[in-house]
Amino acid sequence: MAEVLVYVDHVDGAVRKPTLELLTLARRIGEPVAVHLGPNAEEAAKVLAEHGAVKVLAADAPEFTEYLVAPKVDALQAAYDAVSPAAVLLPSSAEGKEIGARLAVRIGSGIITDAIDLEAGDEGPVATQSVFAASFTTKSRVTKGAPVITVKPNSAAPEAAPAAGTVEQLAVTVADSSKGTKIVSRTPRESTGRPELTEAAIVVSGGRGVNGAENFPVIEALADSLGAAVGASRAAVDAGWYPHTNQVGQTGKSVSPQLYIAAGISGAIQHRAGMQTSKTIVAINKDAEAPIFDLVDYGVVGDLFDVVPALTDEVKSR
Ligand code: FAD
């Protein structure tokens with residue numbers, strides 16, 4: 001069976017959920033071989049093996065943390081050369097997309113970004129994307145070389161599939177040309193204790209209807225009762241009510257959670273572009289004609305300051 005490289009997204013060896021989703025999708029098109037760059041590969045390999053990785057190619061080098069992505073591309077290319085895979089899968093994070101694009105150029109292949117599904121095809125893997133602000137769903141495949149595909153978080157439920165997960169060290173030489181951009185400092189963001197927006201299973205977002213930064217705790221309270229991440233429309237972000245890192249939409253982050261709750265958001269096409277692939281969409285808006293109601297699974301016409309706290313109380317009481 002053809003091997004499929006899966007780039008591992010992890011924090012000090014703790015594998016993040018999008019990688020487990022990739023392993024699940026990779027098994028549809030071949031045998032997953034994970035590529036772990038950085039420390040604690042043995043620890044990561046246990047989780048990767050539980051989710052179907054037949055092998056874990058591991059490398060660690062100071063350059064991975066000293067420079068921007070190019071040294072990691074060198075390492076992924078070394079894995080590619082060692083395995084000659086049928087496809088390379090990466091998470092659709094900013095880093096995943098940049099590494100994927102650089103690798104595709106180097107191996108003379110093509111890249112498909114932000115896939116939401118993946119299937120085997122007669123002429124190679126076929127990726128599904130939601131495009132033009134989710135107005136269309138397309139299926140495409142790379143016609144030259146091994147396809148490089150980035151997949152949006154929450155596109156598949158991670159499935160357990162025990163495999164060997166044997167760790168093999170990967171010999172990596174970081175090219176001088178990959179040391180062009182050095183990281184001079186890192187400032188970790190203050191933790192909110194909430195899940196990462198793009199990976200969260202539930203997202204609660206607030207828009208202009210929230211009417212001020214001082215009211216966002218209403219949104220946060222509902223999010224916390226559900227263990228959700230908090231999102232915001234651009235109107236709320238531009239007004240300075242919530243950080244840009246939490247903006248959902250065309251010029252913000254793209255999310256695909258199991259449940260997306262939009263409160264006081266009209267549903268402009270640029271907002272929809274970032275959330276329309278959510279599995280279940282709920283909107284709370286006092287205007288029954290708001291365009292957001294065209295795409296929801298459940299809609300509540302009402303004042304968010306009545307509905308959201310009532311919902312929070314109800315969730316907490318269960
Ligand atoms: P509004 O459109 O003003 O809607 C507010 C809604 O709140 C209304 O429907 C109103 O009925 C409702 N409301 C008011 N008070 C209450 C209440 N008390 N209870 C319940 N409902 C209430 N937007 C994004 O979100 N993300 C993007 O990434 C993005 N990128 C853009 C890129 C470009 C190039 C452009 C041109 C625009 C972009 N926009 C983006 C902006 C987008 O066009 C909209 O202006 C924006 O999404 C509107 O935000 P909103 O829905 O919060 O505000």
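Just follow the structure's listing: the first ligand is 1, and inside any ligand the first atom is 1. When reading the values below, keep in mind they use all heavy atoms of this one structure, side chains included, and skip hydrogens, waters and symmetry mates. Every value quoted in this text rests on a predicted model; they were computed, and no experiment measured them.
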Self-check item: Nearest non-hydrogen protein atom, atom 2 (O) of ligand 1
Solution: Ser266 OG, 2.6 Å

Quiz item: Aromatic rings His10 and His36: how do their planes relate, parallel, tilted or perpendicular, breaks at 30° and 60°?
Solution: parallel

Practice problem: For residues Thr245 and Leu197, report the shortest heavy-atom separation together with the two atoms involved. | Solution: O-CD2, 3.9 Å

Quiz item: Short list, please: which atoms of ligand 1 are under 4.0 Å from a heavy atom of Gln250?
Solution: 27 (C), 28 (O)

Quiz item: Can you list the ligand 1 atoms lying under 4.0 Å from a non-hydrogen atom of Asp303?
Solution: 17 (C), 18 (N), 19 (N)

Quiz item: For atom 11 (O) of ligand 1, what's the nearest protein heavy atom and its distance?
Solution: Asn285 OD1, 2.8 Å

Self-check item: Minimum-distance pair of heavy atoms, taken over all atoms of Gln169 and Ala58
Solution: OE1-O, 3.2 Å

Exercise. Using a strict cut-off of 4.0 Å, indicate which atoms of ligand 1 neighbour a heavy atom of Gly207.
Key: 52 (O)

Quiz item: Considering only protein heavy atoms, which is closest to atom 19 (N) of ligand 1, and at what distance to one decimal place?
Solution: Leu304 N, 2.8 Å

Quiz item: Is the shortest distance from a Lys or Arg side-chain nitrogen in Glu119 or Arg28 to a carboxylate oxygen in the other one below 4.0 Å?
Solution: no

Practice problem: Give the atoms of ligand 1, by number and element, whose distance to some non-hydrogen atom of Gly252 is under 4.0 Å. | Solution: 28 (O)

Practice problem: Looking only at distances, please establish whether an N/O atom of ligand 1 is found under 3.5 Å from an N/O atom of Phe305. | Solution: no

Quiz item: Any idea which protein heavy atom is nearest atom 14 (C) of ligand 1, and the distance to it?
Solution: Gly209 CA, 3.4 Å

Quiz item: Do the side-chain N and O atoms of Arg106 and Gln77 include a donor-acceptor pair separated by under 3.5 angstrom?
Solution: yes

Quiz item: Which of the atoms in ligand 1, numbered in the order shown and given with their element, are less than 4.0 Å from a heavy-atom of Val248?
Solution: 24 (C), 25 (O), 26 (N), 27 (C), 28 (O)

Practice problem: Specify the closest pair of heavy atoms between Ile281 and Gln276, including all atoms of both residues, with the distance to one decimal. | Solution: CD1-O, 4.1 Å

Self-check item: Non-hydrogen protein atom less than 4.0 angstrom from atom 23 (N) of ligand 1
Solution: yes

Exercise. Would you mind listing which atoms of ligand 1 come within a distance below 4.0 Å of any non-hydrogen atom of Gly249?
Key: 26 (N), 27 (C), 28 (O)

Quiz item: Which ligand 1 atoms does Gln247 reach within 4.0 Å, using its non-hydrogen atoms?
Solution: 26 (N), 27 (C), 28 (O), 29 (C)

Exercise. Measure the distance from atom 53 (O) of ligand 1 to every protein heavy atom, then report the residue, atom name and distance (to 0.1 Å) of the closest one.
Key: Arg208 CB, 3.4 Å

Self-check item: Under 3.5 Å: N/O of Gly264 near N/O of ligand 1
Solution: yes

Quiz item: Do Lys55 and Glu31 meet the salt-bridge criterion of a basic N to acidic O distance under 4.0 Å?
Solution: no

Quiz prompt | Pair Ser254-Lys152, side-chain donor/acceptor within less than 3.5 Å | solution = yes

Quiz item: Side chains of Tyr67 and Thr181: do they bring a donor and an acceptor to under 3.5 Å?
Solution: no

Practice problem: Verify whether one side chain among Ser178 and Asp74 offers a donor that lies under 3.5 Å from an acceptor in the other. | Solution: yes

Quiz item: To the nearest 0.1 Å, how far is atom 47 (O) of ligand 1 from its closest protein heavy atom, and which atom is that?
Solution: Ala268 CB, 3.8 Å

Practice problem: Name the option, out of His244, Glu289, Lys286, Lys253, that contains the heavy atom nearest to atom 17 (C) of ligand 1. | Solution: Lys286

Quiz item: In terms of residue, atom name and distance, what is the protein heavy atom nearest to atom 33 (C) of ligand 1?
Solution: Arg234 NH1, 3.5 Å

Quiz item: Can we say Glu63 and Lys72 salt-bridge, meaning some charged N sits less than 4.0 Å from an Asp/Glu carboxylate O?
Solution: no

Quiz prompt | Under 4.0 Å to a heavy atom of Gly302 - the qualifying atoms of ligand 1, by number | solution = 19 (N), 20 (C)

Practice problem: Identify the protein heavy atom lying closest to atom 42 (C) of ligand 1, giving its residue, its atom name and the separation to 0.1 Å. | Solution: Gln270 OE1, 3.5 Å

Quiz item: Which atoms form the tightest heavy-atom contact between Phe293 and Val300, and what is the distance?
Solution: CZ-O, 3.6 Å

Quiz item: Do Lys17 and Asn154 have side-chain atoms, one donor and one acceptor, less than 3.5 Å apart?
Solution: yes

Quiz item: With backbone taken as N, CA, C and O and side chain as the heavy atoms from C-beta onward, which portion of Ser233 lies under 4.0 Å from ligand 1: side chain, backbone, both, or neither?
Solution: both

